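One structure below.
From a predicted model like this one, the values you see are computed outputs, not experimental measurements.
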There are 2 protein chains.
Amino acid sequence: MRNRSVTYSREATFQALADPTRRAVLDLLRRGSQHAGQIAGVFPVSRPAISKHLRLLRRAHLVREHREGRHRVYQLNPEPLRAVDKWLEHYRTFWTMNLTSLKNFVEAEYARETGKQSLDRPAAKNVKGEN
Amino acid sequence: MRNRSVTYSREATFQALADPTRRAVLDLLRRGSQHAGQIAGVFPVSRPAISKHLRLLRRAHLVREHREGRHRVYQLNPEPLRAVDKWLEHYRTFWTMNLTSLKNFVEAEYARETGKQSLDRPAAKNVKGEN
DNA sequence: ACTTCGCGTAACTGTATGGTTACGCATTAT
DNA sequence: ATAATGCGTAACCATACAGTTACGCGAAGT
């Protein structure tokens, strides 16, 4: 048995998601596996182009491929997307914020911008160095 | 009420998130606004490099900039990330799947990897809430 | 065996991007 | 006024990548 909680590279994942075609491929595969030809048939670009997208998606572990006769079947593997979800979590709080916390935020902002500091502004992190 | 439902280009957003440095900049700005120099000071690349990253982030509306004396202050704007969150939502269901649908998925998976099909890994995959 | 699919890969092109250094232009400090 | 800061931009590299066409190889048909 294979402990499948591998830590896929966040890097490759975000990278793979950067292209709209690739995202569309994932969206397509959500509805079920497809073979390369079918996938290519859906998009307005050449088959080799899709082939390369699939390669990237494979590299990012967002899809798995296996042969089936002379077809290459591609299957979605949503697992790496968890990392993205995780990353997003930090930001989700921003738009889930209630007015109170929002107030804090804006206040801190305002304080910082105007010079007076009524809040944190972690000076400890003040990385100077070379600018 | 703010009706802040501007439709930022999903495209530009995903695009902007593709680079680790830019993601790091966002992570940094989550702690509060910073001016260009401060931001640049944190990273091991040149200031102009950061300047260009900031330009991309600006273009994606992920940050806002305003002058303050001779500083350019950058502020996080998490709004566009909502689109990403929204997109991810479709996939989130995959890892919140109930055992039935999960069974299909894992079964195919397992069968493929080993050749047999007995499905004894649901526990390993079974991550309901968070991780 | 011969032909036809299905599909990845090679080779090549144009463009975006990440980084660098040089520079220019405001804003501040002296 | 002059010097020093802060920071974007221009001009240049190298690399990645989206697309294309040409090609090759294994699986299916006939």
Side-chain touch B:L62/B:N77, heavy atoms, less than 4.5 angstrom = no
Could you tell me the separation between the CD atom of B:Q34 and the CG atom of B:L28, rounded to the nearest 0.5 Å?
-> 4.5 Å
Using the closest heavy atom to pick a nucleotide of DNA chain D for each, name whichever of A:S46 or A:E68 lands nearer the 5' end.
-> A:S46
Under 4.0 angstrom between B:R72 side-chain N/O and D:dG6 OP1 or OP2 | no
Extract from the structure each pairing of a protein N or O with an N or O of nucleotides 12-16 of chain D at less than 3.5 Å, listing the distance.
none

Which whole-number value in Å describes the distance from A:R23 CZ to D:dC17 P?
-> 15 Å
Between C:dG6, D:dT20, C:dA22, which one does the side chain of B:P48 approach most closely?
-> C:dA22
Just checking B:R55: base, sugar-phosphate only, or nothing, at a heavy-atom cut-off of under 4.0 Å?
-> sugar-phosphate
Please determine, by modelled atom types, if A:Q38 and A:H35 share a side-chain donor-acceptor pair under 3.5 angstrom.
-> yes
So what does B:A36 hit on the nucleic acid, given a heavy-atom distance under 4.0 Å: a base, only sugar-phosphate, or nothing?
-> sugar-phosphate
Taking the side chain of A:A49 as its heavy atoms from C-beta onward, which of D:dG19, D:dT21, C:dT28 lies nearest to it?
-> D:dG19
In whole angstroms, the gap separating C1' of D:dC7 from CG of B:L57 amounts to 16 Å
Cationic tip of B:R64 above B:Y74 ring, under 6.0 Å, 45° of axis = no
Atom pair distance, as rounded to whole Å: CD1 in B:I50 and C1' in C:dG18 = 11 Å
Between A:D19 and A:R47, name the one whose nearest nucleotide on DNA chain D is closer to the 5' end.
-> A:D19
Interatomic distance, B:R67 CZ vs D:dG8 P [rounded to whole Å] = 9 Å
C:dC5, D:dG8, D:dT21: which one has an atom nearest the side-chain heavy atoms of B:Y74?
-> D:dG8
Ring-face cation of A:R30 near B:Y91 (centre distance under 6.0 Å, axis angle within 45°) = yes
For B:L54, report the nucleic acid contact type (base, sugar-phosphate, nothing); a contact means any heavy atom under 4.0 Å.
-> nothing
Thinking salt bridges, do B:E11 and A:R23 make one under a 4.0 Å N-O criterion?
-> yes
Which of C:dG18, D:dG8, C:dA29 is nearest the side chain of B:R70? It is C:dA29
Compare side-chain N and O positions of A:H53 against OP1 and OP2 of D:dG19 and report whether any pair is under 4.0 Å apart.
-> yes
Are the charged groups of B:E65 and B:R67 less than 4.0 angstrom apart, N to O?
-> yes
